Protein chains: 2
Amino acid sequence: MSLESVPPKYAQLVQALQRRIESGTYPPGSMLPSEHQLIQEFSVSRPTVVAALRVLREQGWIESQQGKGRFVRGRPAMATVESNRPGQAYLTSPETDAPGELVEAAAVALPNRVAVLLEAEPKGKAFLRRRLVVREGEPSELVSLWLPLELSEGTDLTSGEPLPQGIRQHLRSRKGVRFDHIVEQITARMPTAAEAKQLGMPKNVPLLAVFGAVRDASGRPLVVVEVLLPADRHELEDAYPVR
Amino acid sequence: MSLESVPPKYAQLVQALQRRIESGTYPPGSMLPSEHQLIQEFSVSRPTVVAALRVLREQGWIESQQGKGRFVRGRPAMATVESNRPGQAYLTSPETDAPGELVEAAAVALPNRVAVLLEAEPKGKAFLRRRLVVREGEPSELVSLWLPLELSEGTDLTSGEPLPQGIRQHLRSRKGVRFDHIVEQITARMPTAAEAKQLGMPKNVPLLAVFGAVRDASGRPLVVVEVLLPADRHELEDAYPVR
DNA sequence: ACCCGACAGGTTGTTTTACCAAGTTTGAGC
DNA sequence: GCTCAAACTTGGTAAAACAACCTGTCGGGT
């Protein structure tokens, strides 16, 4: 009768231990109760305890030393830092979420750099969808999306209307392609006159240009997204563990 | 009698399956043999098979669907892409590895931005170690390292000599601090006259400025590293999976 | 003939019991 | 004081059972 599915025991144990670490019951540096103690306290079997502790170790909450015990490291600082990758948001969230203006949606000749990232003919054509994102009433970022013509056919990306759906989802449902990873390149350069005008920025401040080549699991390039950010208004922030 | 320790069985199974995927025996998209088949072929127990398949799934080689089976995704493209994080190399590899010139090593007043990253007094002092890295005979990057005075005491970082040891290792052995993760900020700006001269670059090309705040497991800032890259000679490349 | 549900058989996911191996600490006995 | 064995810890393997899920087939009904 219970429609709400209960989480597995080992996941419950994970959450219970996380709460104790966060509340200070198990302060950083201290030793966790041994497997045997946890088995008795929570009335579960050893593999269940081990599974929970394995998750905690892999997520960085604790570390373990064979023969000694498991030691609290504390809340992994990385868990809260949600990778704020540029481009990522443009691919997953609907265009209708962010106010902006579609400035281009047509088949164009590929810039050299984009052609390389798409592994396409140097002077081939592809579909370009370019959008000027507005934040707080001012132009903020210029986002360009290139995709091969065969991937744009039969999608709503060729229309002039803002997509009510994430590009990632749209392409998966319409064309059956699955995004796997992104190869990202970051450069800085001076804006062209047209770019400076569109973005409403001074001509003497540089642009941060982020190229993201989206690929499937086999490494085949699917789409390329370029994000242009005026450097006086934007920075990129990210966090990653050291080894 | 064998002193060389054999890897655990589940790890051997992981390697065996990885080889089969790479060699094309299990092509991408195909279904892996069921757990039962693997148990019989390799003469191991089910937990061993499951442990191996869990590793493969977590590393992105396969994906599993309850009730259907496990499906080959292919070699995870991310595994080979060694995160080429700027700053990372300066922290781990010895200074003597890369030719360059130490341009500054003294206690100085903290720039505002660095003070924020170090969570220090806005006008406090810290030790600055700045190095001009030379590649192919030309100045290439300007690397600055700020660390709190109490962390610089008793280390060889205050000397004018190139460190024969990685900074990360040096600080761990001398001061007992452990690097855990880095919060990275990327900006672009025009070079100052002094920077342009040191880097031997035109004054009208922008700089890519990378700030890396190194922290321990609890989130306390330890050191800040800044890498200045002339944008006409450098780009930043990275790869990451999309969820 | 067609559709739809029940059912059987396959798959992975989770939990339990049991035993052995390897590393660390402790203390008893010399 | 030193040595070594016992008792602790985590790591790995084996065997079994149940649950949840998917996909066919085989009915019966329309």
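Numbered from 1 within each chain, the chains take letters A, B, ... in sequence-line order. Nothing here was measured: the structure is a model prediction, and the numbers come from that model.
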- request: Report yes if a side-chain nitrogen or oxygen of Arg70(B) is closer than 4.0 Å to either non-bridging phosphate oxygen (OP1 or OP2) of dG10(C); otherwise report no.
  value: no
- prompt: When you look at CD of Glu58(B), are more than 12 heavy atoms from neighbouring residues, nucleotides or ligands closer to it than 6.0 Å?
  reply: yes
task: Name the closest nucleotide to the Pro47(B) side chain, picking from dT17(C), dT13(D), dA14(D).
output: dA14(D)
- prompt: Can you check the Phe71(B) CZ to dT23(D) C1' distance for me, whole Å?
  reply: 12 Å
message: In whole Å, I'd like the distance from the CG atom of Leu53(B) to the P atom of dT14(C).
response: 14 Å
message: Check Arg220(B) with Glu119(B), please: is the shortest side-chain N to carboxylate O separation under 4.0 Å?
response: no
query: How long is the line joining CD of Glu63(A) and C1' of dT9(D), in whole Å?
result: 16 Å
query: How far does OG of Ser43(A) sit from NZ of Lys9(A), to the nearest 0.5 angstrom?
result: 8.5 Å
- request: Using a heavy-atom cut-off of under 4.0 Å over every strand shown, decide if Arg57(A) touches base, sugar-phosphate, or nothing.
  value: sugar-phosphate
query: Of all the nucleotides listed (dA15(D), dT17(C), dG13(C)), which has the minimum atom distance to the side chain of Ser45(A)?
result: dT17(C)
- prompt: Is the backbone of Ser34(B) close enough, under 3.5 Å, to the side chain of Gln37(B) for a donor and an acceptor to pair up by distance?
  reply: yes
message: For the backbone of Ser159(A) and the side chain of Arg129(A), can you confirm whether one donor and one acceptor N or O come within less than 3.5 Å of each other?
response: yes
All N/O pairs under 3.5 Å across the protein-nucleotides 17-22 of chain D interface:
{"residue": "dA17(D)", "atom": "N6", "partner": "Arg46(B)", "partner atom": "NH1", "Å": "3.1"}

query: Glu58(B) CD to dG13(C) C1': how many Å, rounded?
result: 14 Å
task: Respond yes when some side-chain nitrogen or oxygen of Thr48(A) is under 4.0 Å from OP1 or OP2 of dT16(C), and no when none is.
output: yes
message: Any carboxylate oxygen within less than 4.0 angstrom of a Lys/Arg side-chain nitrogen, looking at Arg70(A) and Glu35(A)?
response: yes
- request: Report the distance from atom NE2 of His234(A) to atom CG of Leu236(A), rounding to the nearest 0.5 Å.
  value: 9.5 Å
- prompt: side-chain contact (heavy atoms from CB on, under 4.5 Å) between Leu53(B) and Leu38(B): does it pass, once the steps are laid out?
  reply: CA-CA 10 Å; Leu53(B) 294 173; Leu38(B) 291 175; 4.2 Å; yes
message: Please tell me if Tyr10(B) has a side-chain N or O lying less than 4.0 Å from either OP1 or OP2 of dT13(D).
response: no
query: Ile62(B) CD1 to dT12(C) C1': how many Å, rounded?
result: 11 Å
query: With a non-hydrogen cut-off below 4.0 angstrom, is Val50(B) in contact with a base, only sugar-phosphate, or nothing?
result: nothing
- request: Working to the nearest 0.5 Å, report the span between CZ of Arg215(A) and CG of Leu117(A).
  value: 8.0 Å
message: Contact list please: residues 30-40 of chain A against DNA chain D, heavy atoms, distance less than 4.0 Å, in numerical order.
response: Ser34(A), Glu35(A)
